[in-house]
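Beneath this line is the structure, given in structure tokens, with notes to follow.
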Amino acid sequence: MRLVTNLEVNENMKAEELKYTISILEDTDNIPFDLLLLADPSRKTIGDYLSRGICYVCKTETDEIVGVYVLIKTRPNTMELVNVAVKESMQGKGIGKKLVLHAISVAKKEGAKTLEIGTGNSSIQQLALYQKCGFRIVGVDRDFFVRHYDEEIVENGIVCRDMIRLSMDL
Ligand code: COA
């Protein structure tokens with residue numbers, strides 16, 4: 001399995017009604033770290049994901065990057081969607097859902113049979129979004145965030161301790 005480029009597969013899916021375009025990040029000098037850090041507070045982890053995967057960005061008509069995700073090959077026939085994030089002022093407009101559905105379509109075209117994603121036990125919105133897009137919960141990595149992050153993370157009044165693993169058969 002090999003990652004394809006924009007030219008080989010037309011993944012510049014237009015979100016017509018929103019006038020946004022999703023495409024591979026070509027300009028590696030312009031990595032949207034501000035957005036990536038919304039999804040993961042660890043620059044080291046983000047750097048690791050970027051080196052192992054392909055970064056897709058959602059741009060407005062004026063070329064402003066308002067969304068991002070990274071798709072990684074993890075095991076044979078398996079890909080993982082990481083670092084999905086939407087600019088704070090643009091959240092709640094459907095961009096996150098379009099990014100996730102776009103990633104599913106790219107993974108299918110790549111020939112992956114399984115797409116995985118993980119999020120914190122406290123990430124209510126993300127759990128809703130991923131399940132609405134067809135992911136099913138397959139496991140819990142207990143105390144993942146306690147083991148891997150120095151600072152305590154609290155969201156929605158809930159301490160983020162466990163990684164909820166979700167997966168989708170493609
Ligand atoms: N209960 C039920 N559904 C909920 C919900 C809740 N509490 N909160 C959100 N949703 C649903 C929305 O209704 C929508 O579904 P719909 O289209 O069927 O109505 C869906 O979740 C997503 O909405 P959308 O507008 O596409 O999301 P977004 O553009 O705001 O992006 C994130 C979602 C998570 C990417 C965005 O909030 C973000 O960047 N968060 C910070 C980074 C982050 O946490 N990334 C994920 C790391 S695991």
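Atoms within each ligand, like the ligands themselves, are counted from 1 in listed order. Heads up: numbering here begins at 1 and tracks the sequence.
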In terms of residue, atom name and distance, what is the protein heavy atom nearest to atom 38 (C) of ligand 1? Gln91 NE2, 3.3 Å
Nearest non-hydrogen contact to atom 1 (N) of ligand 1 from the set Gly120, Gly96, Ala128 belongs to Ala128
Any chance CZ of Arg165 has more than 12 other-residue heavy atoms, nucleotides or ligands included, within less than 6.0 Å? yes
Could you verify whether a donor N or O on one side chain and an acceptor N or O on the other, from Glu116 and Thr78, lie under 3.5 Å apart? no
Taking only non-hydrogen atoms of Tyr130 and a 4.0 Å limit, the atoms of ligand 1 in range are 46 (C), 47 (C), 48 (S)
Within 45 degrees of the ring normal and closer than 6.0 Å to the centroid, is that where the cationic atom of Arg43 sits relative to Phe33? yes
Proximal ligand 1 atoms for Lys93, defined as those under 4.0 Å from one of its heavy atoms: 25 (O)
Salt-bridge present (Glu110, Lys73; N to O < 4.0 Å): no
Salt bridge check, Arg52 against Asp48: does any charged N sit closer than 4.0 Å to a carboxylate O? yes
Does atom 23 (O) of ligand 1 have a protein non-hydrogen atom under 4.0 Å from it? no
Please list, in number order, the atoms of ligand 1 under 4.0 Å from a heavy atom of Ala85. 39 (O)
For Leu38, the ligand 1 atoms whose distance to one of its heavy atoms is below 4.0 Å: 41 (C), 42 (C), 43 (C)
When you check the side-chain N and O atoms of Gln126 and Thr119, is any donor under 3.5 Å from an acceptor? no
Show which atoms of ligand 1 fall inside a sub-4.0 Å distance from at least one heavy-atom site of Gly94. 24 (P), 25 (O), 26 (O)
Does some non-hydrogen atom of Ser123 fall short of 4.0 Å from ligand 1? no
Compute the minimum heavy-atom distance from Gly118 to ligand 1 and say whether it is under 4.0 Å. yes
Give the numbers and elements of all ligand 1 atoms closer than 4.0 Å to a heavy atom of Thr119. 48 (S)
Region of Gln125 that comes within reach of ligand 1 [heavy atoms, distance under 4.0 Å]: both
Considering only protein heavy atoms, which is closest to atom 11 (C) of ligand 1, and at what distance to one decimal place? Lys132 NZ, 3.6 Å
I need the atoms of ligand 1 closer than 4.0 Å to a non-hydrogen atom of Ala39, numbered in the order shown. 42 (C), 43 (C), 45 (N), 47 (C)
Protein residue, atom and distance nearest to atom 44 (O) of ligand 1, heavy-atom basis: Gln126 NE2, 2.6 Å
Please say yes or no: joined through hydrophobic side-chain contacts below 4.5 Å, possibly via intermediate residues, are Ile54 and Ile117 part of one cluster? yes
Can you tell which part of Tyr69 has a heavy atom less than 4.0 Å from ligand 1: side chain, backbone, both or neither? neither
Verify the distance criterion only: is there a donor paired with an acceptor across the side chains of Thr62 and Thr60 at less than 3.5 Å? yes
Under 4.5 Å between side-chain heavy atoms, hopping through other hydrophobics if needed: is there a path connecting Tyr20 to Ile104? yes
Nearest-contact summary for atom 20 (C) of ligand 1 - protein heavy atom, Å: Leu129 CD1, 3.8 Å
With a 4.0 Å cut-off, would you call Arg147 and Asp141 a salt bridge? yes
With heavy-atom distances below 4.5 Å as the criterion, would you say the side chains of Leu166 and Ile164 are in contact? yes
What protein heavy atom sits nearest atom 39 (O) of ligand 1, and how far away is it? Val86 N, 2.7 Å
Which of the atoms of ligand 1 are close to Gly92, meaning less than 4.0 Å from one of its heavy atoms? 25 (O), 28 (P), 29 (O), 30 (O)
Looking only at protein heavy atoms, identify the closest one to atom 7 (N) of ligand 1 and say how far it is in Å. Ile124 CG2, 4.0 Å
Met163 with Leu129, same ILVMFWY side-chain cluster at under 4.5 Å: no
Anything under 30° is parallel, anything over 60° is perpendicular, the rest tilted; go ahead and classify Tyr149 against Phe144. tilted
Are any of the N/O atoms on Met90, whether in the backbone or the side chain, positioned under 3.5 angstrom from an N/O atom of ligand 1? no
Quick one: does Arg136's side chain get under 4.5 Å of Tyr130's, heavy atoms only? no
Any nitrogen or oxygen of Lys98, side chain or backbone, less than 3.5 Å from one on ligand 1? no
What protein heavy atom is closest to atom 45 (N) of ligand 1, reported as residue, atom name and distance in Å? Val84 O, 2.6 Å
Measuring from atom 26 (O) of ligand 1, which candidate in Gln131, Glu155, Lys97 has the nearest non-hydrogen atom? Lys97
